[in-house]
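Worksheet: one structure, shown below.
First the proteins, then the strands, lettered A, B, ... as listed; each starts at 1.
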Amino acid sequence: MSSGPRQPPHVSATITREPDIYIQTCIKGVNGITLEDAERIISGDGINCNWWRSTNTISPREIKERLTEEELYLHVNKYGSPHPTRPDSVASQTPFISLTAGAVSRHILVRTNLIHHAAETALQFATNSGQYRGDCFLFYCWVVVGLRPAVPVRHLCEEVRELNTYRRYSAYQTEGEITAKINIPSNQIEAFEHYEIVGPPKGAFTILPRGEPVYNKHDYMDPNMITNIRQAF
Amino acid sequence: MAGLDSDNLLDRLGLDQDALQAQAHFYTAYARMLEVQRSAPQLGGIWERMTSSSEAWIGPSSLASAYRLAAQYTAIFDPLTATDLSIRAGLLYLDADLPFGLFLLAGLLDDDLLQDAQVFPALSPALHRVIARPTSADPVQETYLALAMASRPWLQDELGLSAQALLDELSAHELVPVGPQSIPLAVYLTLAATMLRDGRVGDATLPEQLAVLGRAQSASLKVAMRNQYLWERGAAPVNILDLEYMAMSGLAMRSGTNTPEQIYQETTDALRDDPLAELPVFAMRQIDQVLPQVDEQTVQLFRPDANGLFADATATPRENYRPPGGSADRPGTYPKEAAGPKGPRTPGAFGEIGGGRSASNRDRRLWNPYDQGRRGRNSAGEPDGDDGNGNGNGSAI
C-alpha cells in the first residue's frame, strides 16, 4: 500500500452512476406448512429464518455475530451439511432466507435460449426439487438489495449468485437467488399462491394450483410508496 | 475414469438416481402446468403473470426452457422420453420465434423423422414465420440457423437462405460469446463451415471440434461437482447434459457423408483422457438409437393449432417409455445395440418398448423435397405431397 499523501475523498472517490440499492420483487417457495400457517405469514408473522424458528429467541448481538460472509458461504454452498460450530445442520441454523427473483431480458434469452423464471425456481424449492408431495406455497414479496456485498447489514439482501462458482450465464446474476436476512416482514409480502403436488411418492406428478392468489389485505406496503418518486400534484 | 457406459452412468457421475428423476419429473410437471394454463389462462396463475406484462415473450420462452430442462435431466436415464420432451422444447422455441428451435430439432432428429411426411410440411410454415422475426436477426440466432442448414443443406432451399452467405455475414461477430459455455461464435461458425464442406476446415475435423465443446462443458461440470450436495441431487447450477451440445453432436452426426457411429467413435477417441467431456456425444448417440421407436403420438406434436402454435394442452408427455427391464420407478439400462452406419435399423432391437410393431413405431412416409418438383413446393409456396393422412395433394395442416 502506498505511504504517500492521501487523496482528498472528492478526487479519489469512484463516481457511481447507478444507485447502490434497489427494490427487488422476489418469490419464496415454502412447503411443510398449512394454509392457516400461510395466512398467518401474510397477516403479521412474516417469513423468518430457520435459525430464529428453531431457537425461538434471538438477540441483536447474536444477529450481528451471525451475519458474516462465512455464514453466507455455508448457506449457499453447505446447506445440507452439519454446521461447523453450532448444533444441527446449516439448514436449521441459517440466519438467511433464500428467495428467487425474476429479471431476464429478451436479449439474454436470444443469447442463451434458457431462462429460469422466478416462479419455476420458487416451485422447485417448494417441491423440494420434485421430491415433495402435498401442499406448498409461493410467497410474493419485495426486498431491498445492495448492488455490492453487505453481509453484516441486516436490512439489505444479497445477490448471492456472485458467490457461486457458476459463471455459465451472466443471466443468473439477475434471475437467481436473492438472500434475505433474519426476517421478511409481512408488510413486504404481497400475496401467496397455494399449490398441491399430486402423485405417487416417486415418479411423475402434477402441480395443481389451488384457488386464486391470497392477497395481504392487512399491512402490505406497496414499494412505490417508499421509493423516491415524487408524484406531481 | 474410463469411457462412459450406460450401465453405470449415474454411479460414474456420482449422481443420485432418485433425485435426478425427481428433477426430471419436476420440470415435466412444471411445463405441463404452464401448458395447461396457456390453453386456458387462469386469473392470477403463473402463465397469466408471465404474459400479462409488456414482455409477453416470457411465457413461451419459459415453457420452452422448462421442456428443455426436463429433456436434459430425462436424457440421463430415459432417452426415448427425452426425445419426446426435446421435440416439445424445439417446437416451443419456434413458438417463441427463436431459430434455436430448428437447431434443436435438426440436431436431435434424423432425416427419417425430420423429413417425415407429417413432420416437415407441418413445420415449414412456422420456420418461415420465425426467420422473418426480428429475433432471428441476432447473430447468435442466425448462427443456430446456419448450423442447422449446414448439417441439412436441403433446408436452404426450403427456407430460401444460403448457409454460406449467413456464415460470411456472421464472421463480423466472431468474438460474440455463445452457448452454455460462452464460447466465441467463431467456434460455432467453423463447425458449420466444416459441415458445409463435408470435411475439415484448417486442421480440425468435426469430431475434434466437438471434443473442444465437450471439454469446455466438462470443465464446468468439474467445478460444479465441488459442491457435492448440489451435484449429487442434480441441483447444481449447471446442465449435466446440455441439449445444445447434444444437438450440435447430432448435427455433425447427420451432416455430409458422416455416420452417427463414425462421429461418436472419433469424438470419444479424441476424449480418452476426459470421459466427462464425452457426455454430449454419448447422450446424443443414445437418442439416435431410440429414434425408430418414436411413435405417432409424438409425431402429432408437429401439428400446429389454428394460431400456428404448437400447443399441446391435452396429450401428456410419454411416461410409458422405458428401456428394457425398467419401470416407472426404476428405469432399466440403455439399449446396448448400436445403430448400423446409415443402414436400416433393426426391428425390435429394443424389446417391448412401444410394442415394436415395425422397424419404426410408425409407418413412416418420407417427405422428400427433391422428389416433388421445384423442391416440393406448389405454386402457392406451400409444400406439396402427402400430408401423412393419405391425402397426397395437400398441406399437412
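Heavy atoms only, all atoms of each residue included: A:F205 and B:A29 are closest at O-CB, 3.3 Å. The shortest heavy-atom contact between A:I115 and B:I58 is CD1-O, 4.2 Å. Taking every heavy atom of both residues into account, B:Q37 and A:P209 meet most closely at NE2-CG, 3.5 Å. Of all heavy-atom pairs spanning B:V140 and A:V110, the tightest one is CG1-O, 3.7 Å. The two residues A:I207 and B:M33 come nearest to each other via the heavy atoms CG2-SD, 3.5 Å.
B:Q21 CD to A:Q131 CD: the interatomic distance, rounded to the nearest 0.5 Å, is 10.0 Å. Here the CZ atom belonging to B:F26 is positioned 8.0 Å from the CD1 atom belonging to A:I197, to the nearest 0.5 angstrom. One finds the CD1 atom of B:I46 at 4.5 Å from the CG atom of A:L123 (value rounded to the nearest 0.5 Å). Taken from CD in B:E48 to CD in A:E212, the straight-line distance is 9.5 Å, to the nearest 0.5 Å.
Only the side chain of B:Y93 has a heavy atom closer than 4.5 Å to any heavy atom of chain A. The parts of A:S129 that come within reach of chain B are both its backbone and its side chain, each placing non-hydrogen atoms under 4.5 angstrom from that chain. Looking at B:A19, both its backbone and its side chain come within 4.5 Å of chain A, counting heavy atoms on both sides.
Looking only at side-chain heavy atoms (C-beta outward), A:H116 and B:L69 come within less than 4.5 Å of each other. Counting heavy atoms from C-beta outward, B:R49 and A:E193 have side chains that approach closer than 4.5 Å. Put simply, the side chain of B:D18 reaches to within 4.5 Å of the side chain of A:K202, judged on heavy atoms. Looking only at side-chain heavy atoms (C-beta outward), A:N113 and B:L104 stay at 4.5 Å or farther from each other. Using a 4.5 Å heavy-atom cutoff, the side chains of A:Q124 and B:Q23 are in contact.
Listed by chain and residue number, nothing satisfies the ring pair (Phe, Tyr, Trp, His ring centres under 6.0 Å) test with A:Y195 (two or more places apart in sequence, or in another chain).
Heavy-atom pairs under 4.5 Å with chain B were tallied for A:G199, A:P201, A:A191, A:G130; the largest tally goes to A:G130. The greatest number of non-hydrogen atom pairs below 4.5 Å with chain A, out of B:S65, B:A64, B:A24, is found for B:S65.
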